[in-house]
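Below, read A as the first sequence line, B as the second, and so on, with proteins coming before strands; counting in each chain starts at 1. As the structure is a prediction and not an experimental result, all values here were calculated from the model. The figures that follow rest on heavy atoms only: side chains count, while hydrogens, waters and symmetry mates do not.
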Amino acid sequence: MLVAVVAEGAGGWLREVDPAGAPAGPPRRVADLATAIAEREAADAPRWIWSSTTEIYPWLLRAGVRVARCHDLELTEALLLGHAGRWGEPRSLAAAHARLIGAPVPADPRPRMAQPPGFAQGALFEAGGVAGGGAGTGGAGADETPPSAVIAVHADQVARIAGTAHPGRFRLLVASESAGALIAVEMGHAGLPWRADIHDDLLRELLGPPQPVGPPKRLAELSAQVNAAFGTHGLHPDSPAEVLRAFARAGIDVPNTRAWVLRRVDHPAVPPLLEFKELYRIWTAHGRAWREAWVSGGRFRPEYVPGGVVSGRWATRGGGALQVPKVVRRAVVADPGWRFVVADAGQLEPRVLAAVSGDARLAAAGGAGDLYAALAADSFGGDRATAKVALLGAMYGQTGGNAVPALAVLRQRYPTAFAYVESAARTGEAGGLVRSWLGRTCPPPATAGRQAGLEPAEESGPADSRGGASGRARGRFTRNFVIQATAAEWALVLLATLRTALVGMRAELVLFVHDEVGVHCPVQEAERVAAAVRTGAARAGEMMFGDTAVRFPLDVSIVECYADA
DNA sequence: TCCGTGTGCGCC
DNA sequence: AAAGGGCGCACACGGA
């Protein structure tokens, strides 16, 4: 069953909807929306249709209400607009409804910086003007009684989904995207356990004791060593311009000061410079200031943004939760008597390539525990490293360097898989659109390929098909998109499946980094959680690709500290 | 002083 | 000749 919902102050409106999207009962006004949703959830757990999980669900969670399923109209609208090649059009409920009735389409509101507790609800959830201020709508036609806009847009989306290239897959995409939105809010609500005392010890160990003024001791020492090596005073090692000038004075010409460039430079300033860069990074990006901003009550609470990346990967708004340096993960420690179950999907992207391309030979390799080893045994004379470079090169668009002979082997031995990524690249170079397995669509060149900025008067279209730099860049982008976006879908399906499996346990999802999930649970539940995550991975493969030889093995560990995973 | 851009590195 | 995809974040820099 489906129930459309719209908030209005602390209350709201509910109305049953049938699978085709038509109203299946009268609209019902409730004074206490959270309680009404909780009661209905306990009764038969319908799929809730609402404008935006990000807006409504934090408020429900704070009221102690969890839901099993939803249909997020905004996220779905974005997926459908993208599928139709209309990237960038407003996707709010108000905009979708305006398009539907031929009214002027309002722009999407700017993403807010942060959401303080008790953020106003009300007008957020209904299309502009439709709610009409609640009680005042008595004189309007019945069709405009809330949640009429929610119902109308949902019905329209159901119809548009049916018109996509693979409706069954697209439905799975919409369901997992919506589930991901629920999970993102729940993860932000739960937070990642974070031990401030260990974090402090770690910072002191790496950076030395804090100084009354300026950087910690170790950083000051390294800075002095760099200056001594250059014969300078007051040079700031984090200033690329100053470092470049210093190298130039020493007769060393480097294009930039990136670590991998400096590593090949023979000069006494290089070792302390490299160490400085590494530690300075930790001090500025994950030091005390960071912790005071993002860690509270023993939990790191970033804000996740599902679908924040065009490929469908999540992003974060503040806190950098997807880039916590490995050394800093020592501060992520389970509560007493609890554990982390951390699962990492190994070799996910090459396995996805094997599955989506339907290359039987590559799929056979993908049925093994180590895909690269199987690939090496099959076609590279047992040379695993070369096999890996070749496959990664094919997926990222590398065509030169050491990988050339290996790529030729790949092309000859796995022509179907090779053709899959080559086709995606050619489509992108010609200005076309490519899609993930479930139907997420890449942005058009006007949006995505702006980097090189060489575009003359002709905007989109096959302007670059003859091979300009920006055309090739877009080819690499679309080549990778079909893989990365499908891998993101697999991870999302796994996450949604796992979430359902955890219902009834005390276990909580607390971590999701592209192809890695983490669950915080009592030690007694750890084995059950580990089994659930393995089952989830197998289910995700089946739900996405049906009967395929490709396996998606997980590396699962049960640890007290995230750094040990 | 403010703010947009560039640089460089963290993660996958 | 070589040629790598996607992000977030903090700082330095430089123009307004």
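Spacing between atom CG of A:Leu274 and atom P of B:dG8 amounts to 13 Å, rounded to whole angstrom units. Here C:dG5 presents its C1' atom at 14 Å from CG of A:Leu353, a figure rounded to the nearest Å. Atom OH in A:Tyr396 sits roughly 8 Å away from atom C1' in C:dG4 (whole-Å rounding). Straight-line distance from the CG atom of A:Asp515 to the P atom of C:dC7: 16 Å, rounded to whole Å. The interatomic distance linking A:Arg258 (CZ) with B:dG6 (C1') rounds to 10 Å, in whole Å. Going from atom CH2 of A:Trp290 over to atom C1' of B:dG10 covers 12 Å, rounded to whole Å. Rounded to an integer number of Å, the gap from A:Leu279 CG to B:dG10 C1' is 13 Å. Rounded to whole Å, the distance from NZ on A:Lys326 to P on B:dC9 is 18 Å.
The side chain of A:Pro325 lies closest to B:dG10 when the candidates are C:dC11, B:dG10, C:dC7. Checked against B:dG8, C:dG5, C:dA12, the side chain of A:Thr257 finds its nearest nucleotide in B:dG8. When distances are taken from the side chain of A:Glu242 to each of C:dC13, B:dG10, B:dG8, the shortest belongs to C:dC13. For A:Glu516, taking side-chain heavy atoms from C-beta onward, the closest of the listed nucleotides C:dG5, B:dC12, C:dC7 is B:dC12. Side chain of A:Lys277, nearest nucleotide from B:dG8, C:dG6, C:dA12: B:dG8. Nearest to the side chain of A:Arg476, among C:dC7, B:dC12, C:dG5, sits C:dG5.
As judged by a 4.0 angstrom heavy-atom cut-off over every strand, A:Thr284 is placed among residues touching the sugar-phosphate backbone only. Residue contacts for A:Gly319: at a heavy-atom cut-off of 4.0 Å it reaches the sugar-phosphate backbone alone, with no base atom in range. Counting any heavy atom pair closer than 4.0 Å across all strands shown, A:Phe481 reaches no nucleic acid atom. Using a 4.0 Å heavy-atom distance criterion, A:Ala259 is classed as a sugar-phosphate-only contact.
OP1 or OP2 of C:dA12 sits under 4.0 Å from a side-chain N or O of A:His236. Contact check, A:Arg281 against B:dC9: no side-chain N or O comes under 4.0 Å of OP1 or OP2. Residue A:Ser239 has a polar side-chain atom (N or O) positioned under 4.0 Å from OP1 or OP2 of C:dC13.
Side-chain atoms of A:Thr441 and A:Arg435 form a donor-acceptor pair, as typed in the model, at a separation below 3.5 Å. For A:Ser52 and A:Tyr57, the side-chain atoms include no donor-acceptor pair closer than 3.5 Å.
Donor-acceptor pairing under 3.5 Å, judged by distance alone, is present between the side chain of A:Arg313 and the base of B:dC12. For a distance-only test at 3.5 Å, the side chain of A:Gln323 qualifies as a donor-acceptor partner of the base of C:dG8.
Between A:Asp564 and A:Arg329 there is no salt bridge, since none of the side-chain N atoms of the basic residue sits less than 4.0 Å from a carboxylate O of the acidic one. Salt-bridge check for A:Arg281 with A:Glu278: failed, with every basic side-chain N at 4.0 Å or more from each acidic carboxylate O.
Between A:His267 and A:Phe247, the ring planes are perpendicular. Angles over 60° get that label, and only those under 30° would be called parallel.
The side chain to side chain contact (heavy atoms under 4.5 Å, CB included) with A:Pro193 is formed by just one residue from the set A:Phe340, A:Tyr562, A:Phe300; it is A:Phe340.
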